[in-house]
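Notes for the one structure printed next.
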Amino acid sequence: MPGLAGRMSTVIKAKVSKLLDRAEDPGETLDYGYQKQVELLQNVKKGIADVVTSKKRLQMQSEKLEQSIVKLDTQARQALAQGREDLARTALERKNLAQTELQSLDQQVKELEGQQDQLTENEQKMKQKIETFRTKKEVIKAQYSAAEAQVRISEAANGVGEEMADLGLAIQRAEEKTENMKARASAVDELEKAGTFEDLSALGSGPDDLDRQLAQLSAGTEVDQELEKMKAEVGSGGGDAPALGQGNGGGQQGASQ
Amino acid sequence: MIVRIAGEGQFNVPDDVAGRLNELDNEAVGAVEAGDEARFHHLFAQMIELIETDGEPLPDDELAVSHVIVPPRDISFDEAKNDFTGEGLIPD
């Protein structure tokens, strides 16, 4: 069926087989092929380690974001208690965005975990295939003439080559994905920084890039709802807002943390 | 026919199943050409399922070259545009 084979098949011709074709002593080439496979397996290990590193970095960011969310929530409450609804809204908008980012990050971490498992499983498979190749090559060296050996080993070598190429592609794919995540991660970093602002009043001084972004991103209604809910909670939490304002006196700027 | 699901492993697929796989593949190409993403993903998922349920995983100690390599299961529609129009995963 040429359609399927033509479109989907990716015949990965192992370089090993080309080497074999030229080789005068297949035995020697087989040994070289085996060495090469073992070397490549080391690269596979490195590739998996990279995925693990990326995953850990994302997990750390996810934790930071969780902290930011708690902090922003607290800040929103504090702002509201002081009658600064504008600041509370800004904090809630940031919280809203942080939550969206967190969801996306968690999803990415999950994906990376799946990839890591699959790569580890394939690495084991690869080890087994290389071991099979090693055994086969000894048998072939011992039992067959040079010409026959060349033919016999070709399929095995190409099989291993395909496995290796596939694993290499899977790793490359995982790495590409983590690359894409990096761009997003730096945006999250920026957000995280914004989430650690110490002085809430500074926010009122004028919109920065992030604020503009926020305005676009936040659907508004969600923030409105949460703001109303929070108002009700803060209102019923004891003492009315004006009293709190008086209590704070001139310290209105000091949304102390 | 030996089929590899890229990034996962090889399966021995009986001939009649291979025929059905080919039909699905042709339909998938049609879906890609028509820009019908949902339909493509539906068809592609069917292909993967068919290979997994009706194919026999190749033992780890068998060294064989695949007749067909199916793209990774999380393939995006954009990637599919390359794979399902004749260039193959890796142009050689």
Side-chain angles (χ1 to χ4, degrees), chain A residues 1-17 33 37 111-112 114-115 117-119 121-137 140 152-174 176-177 180, chain B residues 1-10 13 15-30 32-33 43-44 47-48 50-51 57-76 78-92:
Chain A
M1 44 193 217
L4 187 63
R7 272 193 296 278
M8 299 201 304
S9 86
T10 310
V11 183
I12 302 162
K13 296 268 183 208
K15 282 180 185 158
V16 180
S17 84
Q37 289 163 12
E111 270 173 36
L112 275 184
Q115 271 169 353
D117 290 348
Q118 183 76 56
L119 287 176
E121 197 183 302
N122 287 0
E123 185 207 349
Q124 292 306 312
K125 211 183 279 178
M126 193 67 236
K127 265 190 201 155
Q128 177 66 51
K129 299 238 176 205
I130 289 175
E131 182 54 27
T132 303
F133 184 83
R134 192 186 66 82
T135 316
K136 271 205 172 135
K137 102 183 149 65
I140 290 167
R152 297 241 158 212
I153 202 61
S154 172
E155 172 82 0
N158 279 331
V160 177
E162 180 187 309
E163 191 76 33
M164 194 60 91
D166 185 51
L167 194 47
L169 271 178
I171 288 171
Q172 198 189 318
R173 206 174 151 76
E176 274 167 16
K177 275 196 182 169
N180 291 340
Chain B
M1 184 175 81
I2 296 174
V3 177
R4 174 185 292 280
I5 300 176
E8 294 182 36
Q10 290 169 298
V13 174
D15 286 349
D16 57 319
V17 178
R20 278 211 50 208
L21 205 56
N22 193 21
E23 286 166 26
L24 285 169
D25 176 53
N26 288 335
E27 286 182 53
V29 172
V32 168
E33 280 169 359
L43 288 163
F44 186 64
M47 289 173 73
I48 297 275
L50 192 65
I51 296 163
L58 210 69
D60 285 353
D61 63 354
E62 207 166 306
L63 305 175
V65 176
S66 306
H67 299 104
V68 168
I69 297 178
V70 175
R73 79 171 62 214
D74 64 344
I75 187 174
S76 71
D78 273 342
E79 288 172 316
K81 283 175 191 163
N82 293 322
D83 294 330
F84 284 84
T85 46
E87 221 181 74
L89 267 181
I90 311 168
D92 50 9

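Below, chains carry the letters A, B, ... as their sequence lines are ordered, and counting in each starts from 1.
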Item to check | Under 3.5 Å donor-acceptor, A:Gln37 side chain and A:Val160 backbone | outcome: no

Item to check | Max heavy-atom pair count under 4.5 Å with chain A, selected residue of B:Glu62, B:Glu8, B:Gln10 | outcome: B:Glu8

Checklist outcome for this item: Between A:Asp166 and B:Ala6 the two heavy atoms that sit nearest each other are OD1-CA, 3.3 Å

Checklist outcome for this item: Residues passing the side-chain contact (heavy atoms from CB on, under 4.5 Å) test with B:Ala80, sequence neighbours excluded, are B:Val32, B:Phe40, B:Ile75, B:Phe84

Next on the checklist: If you count heavy-atom pairs within less than 4.5 Å of chain B, which of A:Glu131, A:Lys136, A:Gln118 leads?
Outcome noted: A:Gln118

Next on the checklist: Using the side-chain hydrogen bond (donor to acceptor under 3.5 Å, both in side chains) criterion, which residues pair with B:Asp61? Sequence neighbours excluded.
Outcome noted: none

Next on the checklist: Quick check on B:Glu23 against chain A: is it the side chain, the backbone, both or neither that has a heavy atom closer than 4.5 Å?
Outcome noted: neither

Next on the checklist: Heavy-atom cut-off 4.5 Å, strictly under: side chain, backbone, both or neither for A:Glu121 against chain B?
Outcome noted: neither

